[in-house]
Structure formats: C-alpha cells, structure tokens
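Just so we're on the same page: letters track the sequence lines, and every chain starts at 1.
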2 protein chains.
Amino acid sequence: MARTAGSHSDITGPKVREAALKLFARGGYAAVSMRAIAAEVGVQVGALYNYTPDKQSLLFDLMEGHMSDLLAAVQDDLSGSATARLQEFVAFHIRFHHARPDAVFIAYMELRNLTDDNFKRIEALRGQYEGGLERILRDGVAAKEFQIVDTKIATLAIIAMLTGVNTWFRAGGRLSLEEVTAQYWEMVRRAVT
Amino acid sequence: MARTAGSHSDITGPKVREAALKLFARGGYAAVSMRAIAAEVGVQVGALYNYTPDKQSLLFDLMEGHMSDLLAAVQDDLSGSATARLQEFVAFHIRFHHARPDAVFIAYMELRNLTDDNFKRIEALRGQYEGGLERILRDGVAAKEFQIVDTKIATLAIIAMLTGVNTWFRAGGRLSLEEVTAQYWEMVRRAVT
DNA sequence: GTCTATATAGCGATAGAC
DNA sequence: GTCTATCGCTATATAGAC
C-alpha cells in the first residue's frame, strides 16, 4: 500500500530460503550457484545479498532452522510408561521427517559443507535430540520395560533406522504412512524388549 | 627397467582413483576440482586425463567398483538356517562397510551427482544387494523362524540401521567392532522374531 | 530493494611440446 | 606419460545507479 515499488523484503526473504532449500536438496550445496537460487526466486543475483551475507550463512540458517523446529516439536510425556513414550517418539520422528524431506536431506548430506564452527553448533543440536531418545531408553531399562545392553548404541541404531524411511517412502504407494509407522514401531519395540 | 622415463601408468592409475576416493569423501564430488586431485596424486591436471575421460567417469568407476566388490564379497550359505544366514549377513555388512568408509560414504552421498544412466546402473547393483537380504528374510518367514509383516520394509530398515554404524563407530573407542556387531545382531534378531 | 556491471578467481577439458 | 599453456566458461561477492 504505502510501500515503495520494488520493495519486497517480507516476501523475498522467505522465498530465498525456500529456493535455497529446494535447490540444495536437489543438486547439493556445492553444485548450486547463487545465480540459480536468484533465478528460482525471480530476482537478479545481487539482490540475494540483501537477505544473506553469503552462501554459507544461507546453508547454516536452513540447517539450524530445521534442527530448532525439530527440538521445539518433539515432546516427551514423562507421565507415561517408557514403552508409551518410545512409541510416541517413533511416530513423531517418522511423521516430522516425512513432512519436510528437503530439510532432512540437507541436514544429513551437507554437514561437511559447514564451516567448523557452524558444524559444531549443528552437531550440538543433533546431540540434544538424540539425548531425548536415550533418556527414554534409559528410563525403560530402569523400569525393567526394556532390555538393552548399551542405550547409546540403541539410540543411534533406532534413529538411523527411522530416518531411513525418508529415503524410500512415497505417499500414494503400496503402504500408507500409518502402516509403515506401525511396522517400524513393531520392529523397534521387539528390538528393545 | 626397460621403461621410458616418466611413464608410470601402472602406478599413477590406482593413485588417481585413491586420491579421488579420499577427496570426494572428504569434500564432496562437486566441491573437489580436478586440480586438487592432481595435486594429491603429485601430477599436473592434464595427466589425469590419461586415466579417465572426465570427472563423471571417475565418480562412476569408484561407485561401481565399490558395489561390485560388495556383491562379490557377500556370501549366503543356503545350507544354514535363516537365523544363521541373517547373523552372517549382519556381521558381513558391518565388517565390509567398516573396512572402506570412504567408498561407503561416496556410494550414499554422491548418487545425485551421477548422470541418469549411471545412477540407474548403481541403483540396480544396490537392488541386487538388498535382494540378497530380503531372500533370507523371506526364507525365514517361510520356515517360521521369523515373524515379519513386510520383508521389503524389514530389509530397508535393517540395512539403514547397520549402515549407520559407519557414521559413528571409530576403532579404539569404548567398544570393539565385535562388541558393536554383537549388539546390532541382538537388535536385528529380536526385531524379526 | 533491485538492478547492471564488474572484480577476482577458479573450473573442466584440450592442444601440442618433449 | 607428463608437462605447460590456454580456451571458454562459471563462480562468489561487491559497487554504484535508480
């Protein structure tokens, strides 16, 4: 309305992030040029630098945003049994990751393209998320609901298994996400008891 | 001996592949230049093209070589029980992948940098390997050793879980590879029975 | 806020001398 | 088989006009 023609900071900013997310996931950080991102947004390359100081910050912001969303969304109702908490974690992990495949892909594939400092910050967030699962497993062992020799190994094994769903599951296929979740939960449940 | 000075095709060829393997694993295919590979080998960039027609072929040859090695090494002794065959598969997968972390990393991370044709060929090899595991699971279900709703899902879940070992296990740490293998086998065994 | 133009650097691949 | 030199192109990032 009272806005200067050509001024679109509130629109272009999110569009830059969306374009980078899509293109990084498709082609890889190193292979995607700032020109390609600008073309996807519909501006010239110089305009991108109103929204990010450089390409590295763009990558880091995407990964940090994803990990923050993940940590904000995960819940752990301590009043339930460890088994119930683990079942909720499995369902949450599959559901959350399925809903944002591009961000998940980038978070796993582009770690090595982060600077050392940025890498440490992302790894710390990842450690926090893993800690949430391990706490459930340890509580389950203490309550004699689970039999697990090493809860750290079990944590990593479960997360690797669950995240793998994103590499093959596509909606509209032979199975629904609910069926897939039920079968993964059954495997996880057996593996820890 | 009777060799022309400066002629080192039998030495340089493998060194080019080794250098590319190491650098691709560390920095990613797109981020590694032919100049960087030449420097790692100790030659000038022009010399590389005596050993590969282009950079893409270098990547494909590494990935195809890895998958061929994997398929040649995996064994399935059909005379054993499905449980014994699965245990051997778990131990083999962890052992084989642990021995060549760079090749494994590239095989998973650089798929999107393959041309369409090359991608299809690598995916076919991967499908062959997964088929070997699924055959064990199906036989185990038929023999009532395993209870699995969907052997395809179980195949993908088990492989994702086992391959995840490479992302965190380092020799000389808290646990030996044998101990890790034993714990993964315990989780897999429970998950399918 | 976006544009065009440009600085500076590096890329994959090839040609031709030795 | 390896080297040096080079072609043609693209990269990130910045400067200054509007």
Side-chain angles (χ1 to χ4, degrees), chain A residues 1-24 26-63 106 110 112-115 117-118, chain B residues 1-24 26-63 106 110 112-115 117-118:
Chain A
M1 214 52 153
R3 186 168 275 288
T4 306
S7 177
H8 303 293
S9 102
D10 52 343
I11 298 177
T12 307
K15 277 176 78 174
V16 169
R17 270 186 281 278
E18 282 165 32
L21 184 75
K22 171 181 167 183
L23 295 180
F24 286 167
R26 183 162 316 182
Y29 173 77
V32 172
S33 68
M34 294 296 272
R35 279 172 175 76
I37 296 171
E40 177 79 18
V41 173
V43 296
Q44 293 301 313
V45 62
L48 295 182
Y49 291 88
N50 290 315
Y51 304 98
T52 179
D54 50 36
K55 195 185 173 189
Q56 166 72 204
S57 301
L58 201 43
L59 176 62
F60 176 72
D61 288 347
L62 290 175
M63 294 179 69
I106 289 171
E110 303 295 357
R112 64 178 161 196
N113 285 311
L114 292 172
T115 61
D117 273 5
N118 286 344
Chain B
M1 210 54 151
R3 186 168 273 289
T4 305
S7 175
H8 304 292
S9 102
D10 52 343
I11 297 177
T12 307
K15 278 176 76 174
V16 169
R17 268 185 282 277
E18 284 165 31
L21 184 75
K22 172 182 166 182
L23 295 180
F24 286 166
R26 182 162 316 183
Y29 173 78
V32 172
S33 68
M34 293 298 273
R35 280 169 177 77
I37 296 170
E40 176 80 17
V41 173
V43 296
Q44 293 300 314
V45 63
L48 295 181
Y49 291 88
N50 290 314
Y51 303 98
T52 180
D54 51 36
K55 195 184 174 189
Q56 167 72 204
S57 301
L58 201 44
L59 176 62
F60 175 72
D61 288 348
L62 290 174
M63 294 180 68
I106 290 171
E110 303 297 355
R112 64 177 161 198
N113 285 310
L114 292 172
T115 61
D117 273 5
N118 286 344

Nearest 0.5 angstrom please: [X] [atom1] to [Y] [atom2], how far?
X       : Y        : atom1 : atom2 : result
A:Thr12 : A:Asp10  : OG1   : CG    : 7.5 Å
A:Leu21 : A:Met63  : CG    : CE    : 11.5 Å
B:Phe60 : B:Asn118 : CZ    : CG    : 4.5 Å

Integer-rounded Å distance: [N] [atom2] and [X] [atom1]:
X       : N      : atom1 : atom2 : value
A:Tyr29 : D:dA11 : OH    : C1'   : 12 Å
B:Met34 : D:dC9  : CE    : P     : 20 Å
B:Asp10 : D:dG1  : CG    : P     : 10 Å
B:Gln56 : C:dC11 : CD    : C1'   : 16 Å
B:Lys55 : C:dA13 : NZ    : C1'   : 12 Å
A:Asp54 : D:dA11 : CG    : P     : 17 Å

Quiz item: Are any of A:Thr12's side-chain N or O atoms less than 4.0 Å away from OP1 or OP2 of C:dG1?
Solution: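 It does not, given that no N or O in the side chain of A:Thr12 lies less than 4.0 Å from OP1 or OP2 of C:dG1.
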
Exercise. Give a yes/no answer on whether the side chain of A:Tyr49 brings an N or O atom under 4.0 Å of OP1 or OP2 in D:dA15.
Key: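 A:Tyr49 to D:dA15 OP1/OP2: no side-chain N or O under 4.0 Å.
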
Quiz item: By salt bridge (charged side-chain N to carboxylate O under 4.0 Å, His left out), which residues pair with A:Glu40, not counting sequence neighbours?
Solution: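 Testing A:Glu40 for salt bridge (charged side-chain N to carboxylate O under 4.0 Å, His left out), a comparison that skips the adjacent residues, returns A:Lys22.
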
Quiz prompt | Helical bend (five base pairs per end, nearest 10°) for the helix from C:dG1-D:dC18 to C:dC18-D:dG1 | solution =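 Overall, the helix from C:dG1-D:dC18 to C:dC18-D:dG1 bends by 0° from one end axis to the other.
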
Quiz item: Is any side-chain heavy atom of A:Tyr51 less than 4.5 Å from a side-chain heavy atom of A:Arg17?
Solution: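 With C-beta onward as the side chain, the pair stays apart.
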
Quiz item: With a 4.5 Å heavy-atom cut-off, do A:Ile37 and A:Leu58 have their side chains touching?
Solution: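 A side-chain contact exists here, since the closest heavy-atom pair is under 4.5 Å.
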
Quiz item: Would you say the side-chain atoms of A:Gln56 pair up with the backbone N or O of A:Asn113, donor to acceptor, closer than 3.5 Å?
Solution: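 Answer holds: yes.
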
Quiz item: Are the side chain of B:Tyr29 and the backbone N or O of B:Arg112 linked by a donor-acceptor pair below 3.5 Å?
Solution: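 Not at all, since once roles are kept as given, no pair shorter than 3.5 Å links the two residues.
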
Between N or O atoms, less than 3.5 Å apart, protein on one side and nucleotides 3-10 of chain C on the other: list the pairs.
| unit_1 | atom_1 | unit_2 | atom_2 | d |
| --- | --- | --- | --- | --- |
| C:dC3 | OP2 | A:Gln44 | N | 2.6 |

Quiz item: Checking all strands, does B:Val41 fall into the base, sugar-phosphate, or nothing category for heavy-atom contacts under 4.0 angstrom?
Solution: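 Touches nothing.
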
Self-check item: Pair A:Glu110 + A:Lys55: basic N to acidic O under 4.0 Å
Solution: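 Judged by the 4.0 Å cut-off on N to carboxylate O distance, A:Glu110 and A:Lys55 do not form a salt bridge.
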
